[in-house]
Amino acid sequence: QVQLVESGGGSVQAGGSLRLSCAAHGDVYRVNCMAWFRQIPGNEREGIASIFRRSGSTVYADSVKGRFTISRDSANDTLYLQISGLKVEDTAMYYCAAALGPCSYLEVAGPDFGYWGQGTQVTVSS
């Protein structure tokens with residue numbers, strides 16, 4: 001079992017920056033990859049970035065390349081998402097996820113991930 005707890009969300013103005021954190025607990029040694037997703041009410045969940053826990057290889061959705069950076073602190077079992085140049089359309093609930101099995105090297109695919117956090121809200125105002 002893996003438990004995930006996100007933090008770092010908040011209300012910011014467009015153009016600002018945020019760093020989201022996700023603390024992982026439990027059988028973290030079994031995790032193959034971790035990711036960030038976001039969801040706006042009424043919309044489908046969007047996979048935005050993933051990272052392979054051992055190699056550090058990353059995958060990004062085209063919609064966030066250049067503004068979002070995913071990273072991990074293996075010593076503290078923490079996942080991060082650095083967001084810069086925030087836009088109003090980045091407003092969403094952001095979720096952390098973990099996968100024990102294989103993960104795609106081409107996209108951030110929700111079905112790959114079996115463990116999810118409760119989410120942290122990011123609200124961007126103009």
Side-chain angles (χ1 to χ4, degrees):
Q1 292 290 332
V2 177
Q3 299 81 41
L4 303 170
V5 180
E6 302 97 334
S7 61
S11 298
V12 295
Q13 289 197 321
S17 300
L18 274 179
R19 189 176 78 159
L20 307 183
S21 300
C22 172
H25 305 278
D27 297 335
V28 182
Y29 69 96
R30 300 177 61 195
V31 171
N32 179 39
C33 55
M34 299 185 73
W36 289 97
F37 291 76
R38 65 183 180 185
Q39 188 168 25
I40 302 169
N43 287 21
E44 290 188 0
R45 182 179 57 198
E46 177 188 16
I48 53 179
S50 65
I51 187 166
F52 287 78
R53 192 174 67 86
R54 295 174 183 82
S55 69
S57 296
T58 57
V59 179
Y60 289 96
D62 289 341
S63 60
V64 302
K65 283 181 180 177
R67 294 193 300 121
F68 288 35
T69 303
I70 189 171
S71 62
R72 87 265 193 249
D73 180 345
S74 297
N76 294 304
D77 292 333
T78 302
L79 181 72
Y80 299 103
L81 185 69
Q82 181 70 43
I83 311 173
S84 61
L86 277 159
K87 304 177 180 179
V88 172
E89 51 265 40
D90 292 323
T91 296
M93 185 71 81
Y94 284 71
Y95 296 92
C96 170
L100 307 187
C103 298
S104 172
Y105 283 89
L106 300 178
E107 62 177 351
V108 187
D112 289 349
F113 296 87
Y115 297 92
W116 296 82
Q118 294 299 305
T120 186
Q121 177 68 37
V122 173
T123 302
V124 185
S125 58
S126 59

### Message
Looking at Asn32 and Gly101, would you say the former's side chain and the latter's main chain have a donor-acceptor pair under 3.5 Å?
### Response
yes
### Task
Take Tyr60 and Ser50, measure what side-chain contact (heavy atoms from CB on, under 4.5 Å) needs, and give me the verdict at the end.
CA-CA 7 Å; Tyr60 289 96; Ser50 65; over 6 Å; no
### Task
Report yes or no: do Phe52 and Leu79 belong to one cluster of Ile/Leu/Val/Met/Phe/Trp/Tyr joined by side chain heavy-atom distances under 4.5 Å?
no
### Query
Nearest heavy-atom pair of Tyr95 and Gly117: which atoms, and what distance?
CD2-O, 3.6 Å
### Task
Output yes when Lys65 and Asp62 qualify as a salt bridge under the 4.0 Å nitrogen-oxygen rule, no when they do not.
yes
### Message
Would Met93 and Phe37 count as a side-chain contact (heavy atoms from CB on, under 4.5 Å) here? Give the steps.
### Response
CA-CA 8 Å; Met93 185 71 81; Phe37 291 76; over 6 Å; no
### Query
Within the distance-only criterion (no hydrogens, no angle test), does the side chain of Arg72 pair as donor or acceptor with the backbone N or O of Arg54 below 3.5 angstrom?
yes
### Query
Heavy-atom count around Gln13 CD within 6.0 Å, excluding the residue itself: above 12?
no
### Message
Run the salt bridge (charged side-chain N to carboxylate O under 4.0 Å, His left out) test on Arg67 and Asp90 for me, step by step, so that the C-alpha distance in whole Å, both residues' side-chain angles and the decisive distance to 0.1 Å come before the verdict.
### Response
CA-CA 11 Å; Arg67 294 193 300 121; Asp90 292 323; 2.7 Å; yes
### Task
Report the C-alpha distance between Leu4 and His25 in whole Å, list the side-chain angles of each, state the deciding distance to 0.1 Å, and finish with yes or no for side-chain contact (heavy atoms from CB on, under 4.5 Å).
CA-CA 6 Å; Leu4 303 170; His25 305 278; over 6 Å; no
### Task
Compare every heavy atom of Ile40 with every heavy atom of Ala92, then report the nearest pair and how far apart it is.
CB-CG1, 3.9 Å
### Query
Hey, does the side chain of Asp77 reach the backbone of Ala23 with a donor-acceptor pair shorter than 3.5 angstrom?
no
### Query
Short question: side chain of Glu6, backbone of Cys96 - any donor-acceptor pair under 3.5 Å?
yes
### Message
Please identify which of these residues, Val64, Val122, Thr91, meets the side chain to side chain contact (heavy atoms under 4.5 Å, CB included) condition with Arg38.
### Response
Val64
#### Entry: Verdict with reasoning, Leu20 to Thr120, per side-chain contact (heavy atoms from CB on, under 4.5 Å)
CA-CA 8 Å; Leu20 307 183; Thr120 186; 4.1 Å; yes
### Message
Tell me if a side-chain donor or acceptor on Trp36 pairs with a main-chain N or O of Tyr80 at a distance below 3.5 Å.
### Response
yes
### Task
Of all the heavy-atom pairs spanning Thr78 and Asn76, show the shortest one and how long it is.
OG1-O, 3.0 Å
